[in-house]
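Computation of the quantities below employed the complete heavy-atom set of this structure, encompassing side-chain atoms and omitting hydrogens, waters and symmetry-equivalent molecules.
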Amino acid sequence: STSSGGAGGASVPGSGDVAIFDGNSPDCTVDSGYSPNVAGIQLASGFSGTLDLNGQSVTIGSSGLDVDAGTLVMGGGDIDLNGDYDQSGGDVTATSGLWECSYNFTISGGTFDANGGELEMEGHLKTLNIGSAELYDLTYKTTSPGNRQSITGTVAINGDLTITAVDRISTGTINVKSGNVISTDTDLSGSSATIEFTKVGTQYINQGGQSGHVLAIKLATSGNTVDASNAVSLECEGFTMSDGTFEAPSSKSFEIYGSTTISGGTFNHNDGEVIVSRHTSTTNIGSVELYDFAVSSKQSGDVLNFSGTLK
C-alpha cells in the first residue's frame, strides 16, 4: 500500500521509494530471483513482524536502512547500502555475504547477529559505532583518495580485519578477538585508532607476505601471539605490549610511526630492523633486545624521546 493500513494493489517499491514497515504491516519475504533497489528501508516502531530478504541482493539508496523494531533476516545476498545504517531496536541477522556501507553504521539497541558476513566500510568522514554488538569480518576500502573514517568506542570482530585503501581511521579501538589482520594500505599516517589482539593463541598480520601499514598495535593478553614474521615490510602507528608475544617481520623492516612501549611480554626481532619515527614520539622498550635499529626523521623539528636501554 502507499499508506499505512491502506488498500493493497500498489506496485513494489522502486528506487525512488522508501519501504516502510509499521504496526499495520504483515510479514514480508522477498521473492527468489528478485533484487530490490529502493531509496530506503525502515522497520518502524510498532512493527512486530519479519522482513526476510530471502538471500537476495539488495541495493538501498541515500535514505538508508533504519531498524527500530521487528525482525530483519538478510540471508546470504550482498547488501549495497548507500545511506546510514541505524539500528535502535529489533532483531537483525546480517547477510553472510558482503555488506557495503558508504555512510555511518550505528547500533544503539536491539540484537545484531553478524552471521559470518563481511562489513565493508566506505565513504568519507563516516563513523562506525556498534556499542556492545560484534561483527565478523571488517574491511576498510574507500574508492576516493583522502577518505577518512572514525570509530566510536570499541568495535569487536570475530573474523578478519582487512585494510586496503583509506586515508586514516581516527579514534577508537578494533578488538580482533580471533581472526587476523591483512593490510595492503600504503599510508595510514595520522590515524589514532588502535588494533588490539585478544585471542589466546596465534593471530597473524599479513601472513600472505604482503607489505602494508596498520593502525597502532596493542598486545595485552596472556597467551596471545601476534605473528608478523611473513610480512615483507610492516608499518604501524604505534606499538604497545604488556603481555603476549610479538613476532616481528623476519629479516625485514618494522617501522613504528608514533610511541612505542614494551613493558612486558616477549618481542622477537627475527633478525629484522626496527625503525622508530614521527614527531614527538616516545620509545620505551625496557630490556628488549633488537637486531638492527634505526631512527627516521620525517620532518624538520622531529623530537624522539627514549627511555630504557636499547640493546
Can you tell me if [X] uses its side chain to pair, donor with acceptor, with the backbone of [Y] under 3.5 Å?
X: D22; Y: N24; answer: yes
X: N104; Y: D84; answer: no
X: S170; Y: S150; answer: no
X: T139; Y: E120; answer: no
X: S229; Y: A248; answer: no
X: Q203; Y: V226; answer: no
X: N115; Y: A94; answer: yes
X: D78; Y: S57; answer: no
X: E118; Y: Y136; answer: no

With under 30° as parallel and over 60° as perpendicular, where do the rings of F246 and F239 fit, or are they tilted in between?
perpendicular
For [X] against [Y], the heavy-atom pair lying closest together:
X: I217; Y: C236; result: CD1-CB, 4.0 Å
X: S32; Y: N54; result: OG-ND2, 3.1 Å
X: I275; Y: S253; result: CD1-CB, 4.2 Å
X: T95; Y: G97; result: OG1-N, 2.9 Å
X: L215; Y: I163; result: CG-CD1, 4.4 Å
X: G40; Y: S63; result: CA-CB, 3.8 Å

Name the one of N82, D80, T59 that satisfies side chain to side chain contact (heavy atoms under 4.5 Å, CB included) with E100?
D80
If the test is side chain to side chain contact (heavy atoms under 4.5 Å, CB included), which one of L128, L81, I79 qualifies with C101?
L81
Quiz question: by atom type and distance under 3.5 Å, do the side chains of [X] and [Y] form a donor-acceptor pair?
X: D227; Y: Q207; answer: no
X: S189; Y: D187; answer: yes
X: Q56; Y: S35; answer: no
X: H213; Y: E255; answer: no
X: E247; Y: T225; answer: no
X: D271; Y: S251; answer: no
X: D68; Y: S88; answer: yes
X: T198; Y: N224; answer: no

Answer yes or no: is there a side-chain heavy-atom contact under 4.5 Å between [X] and [Y]?
X: M121; Y: L119; result: yes
X: L135; Y: F112; result: yes
X: E273; Y: K252; result: no
X: L65; Y: L72; result: yes
X: V92; Y: Q87; result: yes
X: I41; Y: L51; result: yes
X: Y85; Y: I107; result: yes
X: L138; Y: L161; result: yes

Please step through side chain to side chain contact (heavy atoms under 4.5 Å, CB included) for the pair T162 and D137, ending with a clear verdict.
CA-CA 8 Å; T162 302; D137 289 337; over 6 Å; no
Atom [atom1] of [X] and atom [atom2] of [Y]: how far apart are they, to the nearest 0.5 Å?
X: I20; Y: L43; atom1: CD1; atom2: CG; answer: 10.5 Å
X: T171; Y: Q149; atom1: OG1; atom2: CD; answer: 11.0 Å
X: Q42; Y: F21; atom1: CD; atom2: CZ; answer: 10.5 Å
X: D66; Y: T106; atom1: CG; atom2: OG1; answer: 10.0 Å
X: D27; Y: T50; atom1: CG; atom2: OG1; answer: 5.0 Å
X: S102; Y: E122; atom1: OG; atom2: CD; answer: 4.5 Å

Using the rule given for side chain to side chain contact (heavy atoms under 4.5 Å, CB included), can you reason through L188 versus V166, listing the C-alpha separation, both sets of side-chain angles and the distance that settles it, and then say yes or no?
CA-CA 7 Å; L188 284 167; V166 63; 3.5 Å; yes
Say whether [X] and [Y] are linked into one hydrophobic cluster, either directly or through other cluster members, by side-chain heavy-atom distances under 4.5 angstrom.
X: V18; Y: I60; result: no
X: I157; Y: I182; result: no
X: Y140; Y: L125; result: no
X: L219; Y: V200; result: no
X: Y204; Y: V214; result: no

In sequence, state the C-alpha distance, the side-chain angles, and the governing distance for H124 and R148, and then conclude on side chain to side chain contact (heavy atoms under 4.5 Å, CB included).
CA-CA 5 Å; H124 178 49; R148 299 179 181 182; 4.2 Å; yes
Determine, for E237 against R168, whether the closest basic-nitrogen to carboxylate-oxygen distance falls under 4.0 angstrom.
no
